[in-house]
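Following: one structure in structure tokens, then a few remarks.
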2 protein chains.
Amino acid sequence: METENAKTPKNDPAGQAQMRKGVLELCILCVLSEKDAYPSEIIEAMKDSKLIVVEGTLYPLLMRLKNEGRLAYEWKESTSGPPRKYYKLTPSGKELLQELYSSWNELVGSVDQIVKKYSSHIL
Amino acid sequence: METENAKTPKNDPAGQAQMRKGVLELCILCVLSEKDAYPSEIIEAMKDSKLIVVEGTLYPLLMRLKNEGRLAYEWKESTSGPPRKYYKLTPSGKELLQELYSSWNELVGSVDQIVKKYSSHIL
DNA sequence: TTTACTACTATGCATTGCATGGTATTAAAA
DNA sequence: TTTTAATACCATGCAATGCATAGTAGTAAA
């Protein structure tokens, strides 16, 4: 019968976008573990490590983490524009950071194992 | 106004599921780079590296890769049950494997950089 | 014939990255 | 004062994927 399901994706040719899923959350919590920051600061910090994040990604993510109780924020005045929302980790947010960190390390370990096992056929 | 958008997720507490997105594709292509295999074999190979994959995930993924021309398959008889679909990499599939491999290494590099930068606050 | 096992297929949901467009506040320019 | 630009935050909808769930079908054993 030869069914034709599972449509083919359109963009994201090298799969970068999909691989980022779940990882941005870890990175953002990481950045906030050092000091409170407002969105643009977070974007800059990520960019320094070649992880480009845009507003359309970051704002919903911060909103979600705040709704989950992982983050809190407070308004602070700015000398050059409108006031800013400074986000900070809550205790629950620190727990999540630990968990995500563990998950990430596990994943890297697993993938590395597979890649190394078959690397002779890749290179 | 304090809008309440960005609903909170329900399961997947430590974010493992989300982090796997895009990575399974790399791993499956990796496994197939060594030798042709049918779905259950792939699942076993992944399990050896602690990457649990289930049918509901694997079959649609194989179907998609085949529709994209990354994989091909041929039926082979089995001594203990119905015939099996043996999947193999096409040239295009080998290219994708290279690209995903690069993307993965870049991502790991970026995340490592962020995590290391702030690791004193995590531990 | 019935049961159990293996293998493949189909459907729908939840989550997240992101494109897009919008609103509000402040400061500088005209 | 009014206009413009820059900064910052918010809302909506789409695309993609992992996975739960349920179904179909072929083979072999009871």
Side-chain angles (χ1 to χ4, degrees), chain A residues 1-28 37-44 46 51-68 73 75-87 100 107, chain B residues 1-13 15-28 37-44 46 51-68 73 75-87 107:
Chain A
M1 52 207 68
E2 201 55 29
T3 58
E4 290 301 330
N5 237 5
K7 1 178 174 162
T8 76
K10 291 167 187 174
N11 294 331
D12 188 28
Q16 291 103 337
Q18 285 302 324
M19 285 186 185
R20 296 161 58 118
K21 287 187 186 292
V23 173
L24 296 183
E25 197 169 302
L26 165 62
C27 293
I28 287 163
Y38 70 102
S40 297
E41 273 183 311
I42 299 175
I43 290 178
E44 282 307 308
M46 307 271 281
L51 260 177
I52 309 300
V53 193
V54 295
E55 284 191 334
T57 300
L58 185 59
Y59 279 96
L61 179 49
L62 292 173
M63 179 86 77
R64 207 187 71 231
L65 289 168
K66 180 223 135 202
N67 289 348
E68 289 178 55
Y73 66 76
W75 289 97
K76 285 188 186 174
E77 295 298 322
S78 163
T79 60
S80 63
R84 298 160 173 170
K85 262 187 179 176
Y86 278 80
Y87 285 88
L100 290 175
L107 182 67
Chain B
M1 51 208 73
E2 200 55 27
T3 58
E4 290 302 330
N5 239 3
K7 357 174 178 165
T8 77
K10 289 167 187 172
N11 294 331
D12 188 27
Q16 291 103 336
Q18 285 303 325
M19 283 186 186
R20 297 161 57 120
K21 285 186 186 296
V23 173
L24 295 182
E25 197 169 302
L26 165 63
C27 293
I28 287 163
Y38 69 102
S40 297
E41 273 183 312
I42 299 176
I43 290 177
E44 282 307 310
M46 308 273 281
L51 259 178
I52 310 299
V53 192
V54 294
E55 283 190 335
T57 300
L58 185 60
Y59 279 96
L61 179 48
L62 291 173
M63 179 86 75
R64 208 187 71 232
L65 289 169
K66 180 224 137 202
N67 289 348
E68 289 177 55
Y73 66 75
W75 289 98
K76 286 187 185 173
E77 294 298 321
S78 164
T79 60
S80 62
R84 299 160 172 169
K85 263 186 179 177
Y86 278 79
Y87 285 87
L107 182 66

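Proteins get letters first, then strands, A, B, ... in listed order; numbering begins at 1 in each.
A close approach under 4.0 Å does occur between a side-chain nitrogen or oxygen of B/Tyr59 and OP1 or OP2 of C/dC8. Here B/Arg20 reaches the OP1 or OP2 of D/dC19: one of its side-chain N or O atoms lies under 4.0 Å away. Taking 4.0 angstrom as the limit, B/Tyr38 places a side-chain polar atom (N or O) nearer than this to OP1 or OP2 of C/dA7.
Looking at heavy-atom distances under 4.0 Å, A/Gly81 makes contact with sugar-phosphate atoms alone, never a base.
Each of A/Glu55 and A/Lys21 was matched to the nucleotide of DNA chain D holding its nearest heavy atom; the match closer to the 5' end belongs to A/Glu55. Projected onto DNA chain C by closest heavy-atom contact, B/Ser40 and B/Gly56 fall at different nucleotides, the more 5' of which corresponds to B/Ser40. Taking for each of A/Glu77 and A/Val23 the nucleotide of DNA chain C with the nearest heavy atom, the 5'-most of the two is the partner of A/Val23.
Distance B/Leu61 CG to D/dA20 P: 15 Å, rounded to the nearest Å. Summarising the geometry, the separation between CD1 on B/Ile52 and P on D/dA20 is reported as 12 Å, rounded to the nearest angstrom. Between the CG atom of B/Leu58 and the C1' atom of C/dA7 there is a distance of 12 Å, given to the nearest Å. When the P atom of C/dA7 is taken as reference, atom NZ of B/Lys76 falls 14 Å away, rounded to whole Å. Atom CE in A/Met63 sits roughly 11 Å away from atom P in D/dC9 (whole-Å rounding).
Ranking C/dA7, D/dG18, C/dC18 by closeness to the B/Thr57 side chain, first place goes to D/dG18. The listed nucleotides are D/dC9, D/dA16, C/dT9; the one nearest the side chain of A/Gln18 is D/dA16. Considering only the side chain of A/Arg84, D/dA8 comes nearest among C/dC8, D/dA8, D/dG26. Side chain of A/Leu24, nearest nucleotide from C/dG17, D/dC9, D/dT17: C/dG17. Nearest to the side chain of B/Pro83, among D/dT27, D/dC9, D/dA20, sits D/dT27.
Side-chain contact between B/Leu51 and A/Leu107 is present, with heavy atoms from C-beta onward closer than 4.5 Å. No side-chain heavy atom of B/Lys66 sits less than 4.5 Å from a side-chain heavy atom of B/Leu62.
For B/Tyr73 and B/Tyr86, the ring centers are positioned 6.0 Å apart or more.
Between B/Glu41 and B/Arg84, no side-chain nitrogen of the basic residue sits less than 4.0 Å from a carboxylate oxygen of the acidic one, so the salt-bridge criterion is not met.
Note that the CD1 atom of A/Ile28 and the CG atom of A/Leu61 stand 4.0 Å from one another [nearest 0.5 Å].
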